[in-house]
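The structure appears right after this line, and notes come after that.
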Number of protein chains: 4
Amino acid sequence: MSRKKGSTSSHPRLPRQRPGPLGGKRDENRKLKQQLLLTTATGLFKKNGMEAVAIDEIVDSAGISKGSFYSYFEGKADLVNVLFSPLRLQFEDAFQKAKSQMNQAQGELALFDAYQNMATAMAQSCLAEPDLILIYIAESRGAPTGARQPILELSDLITQNALELTEIAQKRGLLRPFDARISSLAVIGAIERLLFEYLRGTFEYHPIELTAALISLVLEGLQSEDFVTS
Amino acid sequence: MSRKKGSTSSHPRLPRQRPGPLGGKRDENRKLKQQLLLTTATGLFKKNGMEAVAIDEIVDSAGISKGSFYSYFEGKADLVNVLFSPLRLQFEDAFQKAKSQMNQAQGELALFDAYQNMATAMAQSCLAEPDLILIYIAESRGAPTGARQPILELSDLITQNALELTEIAQKRGLLRPFDARISSLAVIGAIERLLFEYLRGTFEYHPIELTAALISLVLEGLQSEDFVTS
Amino acid sequence: MSRKKGSTSSHPRLPRQRPGPLGGKRDENRKLKQQLLLTTATGLFKKNGMEAVAIDEIVDSAGISKGSFYSYFEGKADLVNVLFSPLRLQFEDAFQKAKSQMNQAQGELALFDAYQNMATAMAQSCLAEPDLILIYIAESRGAPTGARQPILELSDLITQNALELTEIAQKRGLLRPFDARISSLAVIGAIERLLFEYLRGTFEYHPIELTAALISLVLEGLQSEDFVTS
Amino acid sequence: MSRKKGSTSSHPRLPRQRPGPLGGKRDENRKLKQQLLLTTATGLFKKNGMEAVAIDEIVDSAGISKGSFYSYFEGKADLVNVLFSPLRLQFEDAFQKAKSQMNQAQGELALFDAYQNMATAMAQSCLAEPDLILIYIAESRGAPTGARQPILELSDLITQNALELTEIAQKRGLLRPFDARISSLAVIGAIERLLFEYLRGTFEYHPIELTAALISLVLEGLQSEDFVTS
DNA sequence: CATGAATGAGCGTTCATTCAT
DNA sequence: TATGAATGAACGCTCATTCAT
């Protein structure tokens, strides 16, 4: 008979709650190991792709037992979820702030500032976790496997918010009224591809120039008149 | 070996040649079944992703035995190769024609025409085989599995030729001398993403407008001054 | 990649190390099961030949799951390797000792002793693991499959060392200077065939008499003058 | 419904009888193709071992259809049977002749002659079909697969007759009364191993010297007094 | 609690044999 | 009659997940 911690969770399969007091030594150890698994998985996902990485590979590389893995994560999908959660929160936050700033902004300058702030925040997130971004870009168009779901959700989040921001910008006269779905998707596609090559190292570019190009893509998008003159 | 006879024999066991006369009933049947397998696989790849689709799934769906599969294709990788070969040839052809036309073109008009022709040819290829394009876009950033190789090669082909064309266009004064790698990647990224959403059906757009947008992306790229004025 | 992930990962997935303490229950159990698999495989190999025995057969006979098999061995070839390693070591050892003893031996008596010791050691090895010897003899001329490699290496080891020993014995005047390759191969061939029939049970011989015959083959080989007087 | 030749065979699975008149063009063609299959198979068996050679490989190499193969042979086992039949007949014949000659021989010289004749006949058979002999030696200790049965039977034939001949020779005083089973097996083992290495080409020996050694093995065996003086 | 041994369905691939054409 | 397409049971091997210790 398997001993079960009296826990607040009614879900029998969830990872057990931390055992010791919050912040205690056990809790800390738990977090360290979990982090180690996340980092190891990130490296392997980057190198071999998410589907090709077996849990055995992760735990062996991390020097942690497989049993432990399942006490930290429900499975691969959960690990990926945990892996991308912070990024997702940061992006959600950046989008929310941008939207509210834009709605409150009075002049064109304030609108630009809102974009600028958002772009900066996101760029920082990206550069802080380049491997994660690389994995995201590589996997975000893949088939909706269980493990890929968090990534697809992140992709949807980005797509949806980029669209909304574009629409706001158009309403506010910042961008010309070109079809917002098309222009937002084009901008996202362009950025992702550039980042992809940059982060893979295909591309030994001066980050500054690349950043400039990316920011200009975000800020000005495909607003030029030329774009619509087919 | 891979189950695989651990033998030194390099016998390739290539798909057998037709037995009957070249246009005979058997030959025709063979082609029909091969086509059936390709079509079935395409549908499954589209829905579930290439890696997730087992040979069993393909042959069951097609109502063909597993053994037969291996008389039509050498394996999964070969099937994918056969699947994408025509597309690849069409793209290679379009790129070659565009490059030679551009090198021979005298005026700006002729240059535009070359682009236009290429874009039209490619658009036709894409719209003729939407599922293939969808699979391509979904898989083209995945890890280099054996089966994925033809797709990655196609991706490289596109990337490389887009770069060369951009450079030619810049030399010929058609595009402003912005970094060709950045602008070609951005254009490809934008196009692929738009096609992706369009072909998935996320996006119920008038094909005409989308085509116009895509062609304008190809033709004018990110040439606007605004783009570089960060 | 036989079924085999077509991946660049070279992760070896070696049999896991014991988890508990070195002499603990788990460690012991591990060894017992590994031994069980080896013994079961030996029995099946003996009866049906190495190639004809499927992993399924081994694990079913042993009452162990297929997955477990691969935690004990890397594959069929590895199992065979592990199976024959001790024998190989014993033979290597016996050959080395014989060679060094013979090189140091002063009189003919000492030379004979060296042979005698080697023959005795080998005879003990053979009689301790009759099934292994039987498998070795049955397979040692087979095609070089992956799984058969350890056996072919053992065969080469024996052939090579028998030749060297014969040459030493000739140099030392123990054997007449007949072509060493021919006489060593003839001796090996004779011994193997005798052992083969004896171990199969075709042959209900007094082991003592057989042993005497074998030792005399080793010791005196084909040294008689008659042998070369065609 | 499969058309069945009215044939004398009551076995429904046997290869059909030749269609045209005996010796007619069809019959000749049949024999040529059958011979081609046999030759091709021999080459492949020699290179890769009998078990590893698939019927596909044989028919592809021979440029004959698989369907035809099964009209010439019942299967792999039957092919092997047909392949070794002539050799078997030659050996049976040589043994029979030797036995009757020896039983009728009056002096020691006549006995020697009988041996000599037999050895010569067999040597000719061996040198006429070296690949067959190589296959025989490589496979004759393998597990009794269906396809290997004719080879094992040939091996038994040789073993049994060698024993009988040895016993006759001992009775007639030609060989010393050492255990006939042991000495006959030792001789066979020695010969087979020497032939094996010679035919593989491991061994670039003057055939004349090798033949001399082989004949002396056959003729004088292990008759020396030394052999039994353990 | 941590550990890794156990499980077994699943994968890509092979092959002897049958049979429609 | 000759052909090779079709079949499907095997094979060697993998892996996410469970659970006894």
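In what follows, chains are A, B, ... by sequence order, proteins preceding strands, each numbered from 1.
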From CE of A:Met50 over to P of F:dA16, roughly how many Å is that when rounded to an integer?
12 Å
Could you tell me if the side chain of B:Arg30 sits less than 4.5 Å from the side chain of B:Ser71, heavy atoms only?
yes
For residues B:Val53 and B:Glu57, report the shortest heavy-atom separation together with the two atoms involved.
CA-OE1, 3.6 Å
Just the rounded figure in Å: distance from P of E:dC15 to CD of D:Glu51.
12 Å
Separation of F:dG4 C1' from B:Lys33 NZ (nearest whole Å):
12 Å
Answer whether the closest heavy-atom distance between the side chains of B:Leu36 and B:Leu32 falls below 4.5 Å.
no
Rounded to whole Å, CG of A:Asp78 lies from C1' of F:dA16 at a distance of 14 Å
Contact check, side chains of B:Leu37 and B:Lys33, non-hydrogen atoms, under 4.5 Å:
no
Closest to side chain of D:Ser68, choosing from F:dA9, F:dT3, E:dA6
F:dT3
Do side-chain atoms of B:Lys76 reach the backbone of B:Gly146 as a donor and acceptor pair under 3.5 angstrom?
no
Members of residues 54-65 of chain B that approach DNA chain E, where some heavy atom sits under 4.0 Å away
B:Ala54, B:Ile55
By nearest-nucleotide position on DNA chain F, the 5'-leaning member of D:Phe69 and C:Phe69 is D:Phe69
Within the structure provided, determine whether D:Glu74 and D:Asn81 are in side-chain contact (heavy-atom separation under 4.5 Å).
no
Using atom NZ of B:Lys76 as one end and atom P of E:dG10 as the other, report the distance to the nearest whole Å.
15 Å
Could you tell me the separation between the CZ atom of D:Phe84 and the CG atom of D:Leu38, rounded to the nearest 0.5 Å?
10.5 Å
B:Ile135 side chain reached by B:Val80 side chain, heavy atoms, under 4.5 Å:
no
For the pair made of CG in C:Leu32 and P in E:dA6, what is the distance, rounded to whole Å?
11 Å
Pairs under 3.5 Å (Watson-Crick or G-U), crossing ones as [ ], inter-strand ones as |: DNA chain E comes out as .||||||||||||||||||||
From CZ of B:Phe73 across to P of E:dT13 the rounded distance in Å is 13 Å
Would you mind classifying the nucleic acid contact of B:Gly67 as base, sugar-phosphate or nothing, using non-hydrogen atoms under 4.0 angstrom?
base
Give a yes/no answer on whether the side chain of C:Arg30 brings an N or O atom under 4.0 Å of OP1 or OP2 in E:dA5.
yes
E:dA6, OP1 or OP2 - any side-chain N/O from C:Tyr72 closer than 4.0 Å?
yes
Can you identify which nucleotide, out of E:dG4, F:dA2, F:dC13, has its nearest atom closest to the C:Lys66 side chain?
F:dC13
Among pairs that include at least one residue of residues 142-151 of chain C, which meet salt bridge (charged side-chain N to carboxylate O under 4.0 Å, His left out), considering only residues two or more places apart or in two chains?
C:Glu51-C:Arg148, C:Glu139-C:Arg148
Checking C:Leu83 against C:Phe45 for the side chain to side chain contact (heavy atoms under 4.5 Å, CB included) test, could you report, in this order, the C-alpha distance in whole Å, the side-chain angles of both residues, the deciding distance, and whether it holds?
CA-CA 11 Å; C:Leu83 198 55; C:Phe45 287 168; 4.2 Å; yes
Check the phosphate of F:dT17 against A:Tyr70, side-chain N and O only, distance under 4.0 Å to OP1 or OP2. Yes or no?
yes
Calculate the interatomic distance between B:Gln34 atom CD and F:dG4 atom C1'; express it in whole Å.
15 Å
